[in-house]
Amino acid sequence: MPVAPVPVLTGRQVLLRPVAGADAGRLRAIRAHPAVHRWWGDAEPAFPGEDDSCLRWAVVVGDRVAGGDRVVGMVQACEEADPDYRHAGIDVFLDPEVHGRGLGRDTVATVARWLVEGRGHHRLVVDPAAANARAIACYAAVGFRRVGVLRRYERDAAGGGFRDGLLMEALAEDLVPEPFAEPAPPGPA
């Protein structure tokens, strides 16, 4: 299955637009933040350049303090091409400065809806680190369910060997319908 063009998607709080070259410095800085790096590890030399296997969006929110829009993270979706195993996966990271505002949930839900409604997927999978409680709670809030633990699944970004991953999935009918409960008011910007 060829990778689809990256459309602009609009959530309740976020705008998801294709990653642009001008986003590279900001996304690399967010990914290098210790709270993000812990889960994502070092960026590849070409990051966040094009990835032939995934679609990538910059997560953008309105910045009331500075005025205008601000890139606060990235989300990507990868699709399985084999029709017998058709599904898609989602990965996301956000600047820790905006954690706790419902932006992750809105981002994941927006991409999940597009994958189901726009791309025809019936099943979505994610595989956060088993110790990443924040990511697991975000995915669960959108409708993902725990499938099982993938033991020593991925290299620990801190260099401590391998860590467990948590396999989670959502069927199209598992996704929490809109609208979500109102998120907590944003903290200081």
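Count residues from 1 along the sequence.
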Item checked: Rounded distance [0.5 Å steps], CG in Asp106 versus OG1 in Thr110 -> 4.0 Å
Next item on the list: Without swapping roles, check the side chain of Trp57 against the backbone of Leu9 for a donor-acceptor pair under 3.5 Å.
Entry: no
Next item on the list: If you link ILVMFWY side chains whenever their heavy atoms are less than 4.5 Å apart, which other residues fall into the same cluster as Phe162? By chain and number, please.
Entry: none
Next item on the list: Would you sort out whether Val98 and Arg70 count as a side chain to side chain contact (heavy atoms under 4.5 Å, CB included), showing the intermediate values?
Entry: CA-CA 11 Å; Val98 300; Arg70 181 170 61 123; 3.7 Å; yes
Note to self: Do Leu55 and Trp114 have side chains that approach each other closer than 4.5 Å (heavy atoms only, starting at C-beta)?
What the structure shows: yes
Notebook entry, point to check: Is there a path from Ile90 to Val147 through hydrophobic residues (I, L, V, M, F, W, Y) whose side chains come within less than 4.5 Å of each other?
Noted result: no
Next item on the list: Could you tell me the separation between the CG atom of Leu175 and the CD atom of Glu117, rounded to the nearest 0.5 Å?
Entry: 9.0 Å
Notebook entry, point to check: So do the side chains of Tyr139 and Val108 get within less than 4.5 Å of each other, counting heavy atoms only?
Noted result: yes
Next item on the list: Report the distance from atom CD of Glu173 to atom CG of Leu171, rounding to the nearest 0.5 Å.
Entry: 4.5 Å
Check: Which pair of heavy atoms, one from Ala77 and one from Val111, lies closest together, and at what distance?
Finding: CB-CG1, 4.1 Å
Check: Are Arg146 and Ile136 side-chain neighbours, meaning at least one heavy-atom pair lies under 4.5 Å?
Finding: yes
Margin query: Could you check whether any side-chain heavy atom of Glu80 comes within less than 4.5 Å of a side-chain heavy atom of Arg86, counting everything from C-beta outward?
Written below: no
Check: Which atom names give the shortest non-hydrogen contact between Gly143 and Ala170, and what distance separates them?
Finding: O-CB, 3.9 Å
Check: Which heavy atom in Pro96 sits nearest to a heavy atom in Ala35, and how many Å separate them?
Finding: CG-CB, 3.7 Å
Item checked: Note: Arg163-Asp156 ion pair, threshold 4.0 Å (strictly below) -> yes
Checklist line | Gap separating the CD atom of Gln76 from the CG atom of Asp91, nearest 0.5 angstrom | finding: 5.0 Å
Check: Does some side-chain heavy atom of Leu150 sit less than 4.5 Å from a side-chain heavy atom of Leu166?
Finding: no
Check: With distance as the sole test, does Asp164 use its side chain to make a donor-acceptor pair with the main-chain N or O of Arg152 at under 3.5 Å?
Finding: yes
Next item on the list: Run the salt-bridge test on Arg31 and Glu44 with the 4.0 Å N-O cut-off and return the result as yes or no.
Entry: yes
Checklist line | His37-Asp42 side chain donor-acceptor pair, cut-off 3.5 Å | finding: yes
Item checked: Closest contact, heavy atoms only, Val116 versus Ala172 -> CG1-CB, 3.7 Å
Check: Can you tell if the side chain of Pro18 reaches within under 4.5 Å of the side chain of Arg56, non-hydrogen atoms only?
Finding: no
Note to self: Check Asp23 with Arg17, please: is the shortest side-chain N to carboxylate O separation under 4.0 Å?
What the structure shows: yes
Notebook entry, point to check: How does the hydrophobic cluster around Trp39 look, that is, which other residues are in it when side-chain heavy atoms under 4.5 Å mark a link?
Noted result: Val8, Leu15, Val19, Leu27, Ile30, Val36, Trp40, Phe47, Val60, Val71, Met74, Phe93
Note to self: Counting only heavy atoms not in Arg28 (residues, nucleotides, ligands), do more than 12 fall under 6.0 Å from its CZ?
What the structure shows: yes
Check: CZ of Arg105 to CD of Gln13: how many Å apart, nearest 0.5 Å?
Finding: 7.5 Å
Next item on the list: Tell me, with the steps shown, if Asp174 and Phe144 meet side chain to side chain contact (heavy atoms under 4.5 Å, CB included).
Entry: CA-CA 7 Å; Asp174 296 333; Phe144 285 83; over 6 Å; no
Next item on the list: State, yes or no, whether a side-chain contact exists between Leu94 and His99 at a heavy-atom distance under 4.5 Å.
Entry: yes
Notebook entry, point to check: Are side-chain heavy atoms of Val61 and Leu103 found at a separation under 4.5 Å?
Noted result: yes
Margin query: To check you understand the geometry: which heavy-atom pair defines the closest contact between Arg134 and Gly100, and what is its length?
Written below: NH1-N, 3.7 Å
Check: Which distance, rounded to the nearest 0.5 Å, do you find between the NE2 of His87 and the NE2 of His121?
Finding: 9.0 Å
Notebook entry, point to check: Among the clusters formed by ILVMFWY side chains lying less than 4.5 Å apart, do Leu115 and Val125 turn up in the same one?
Noted result: no
Notebook entry, point to check: Is any NZ, NE, NH1 or NH2 atom of the basic residue among Glu169 and Arg145 found under 4.0 Å from an Asp or Glu carboxylate oxygen of the other?
Noted result: no
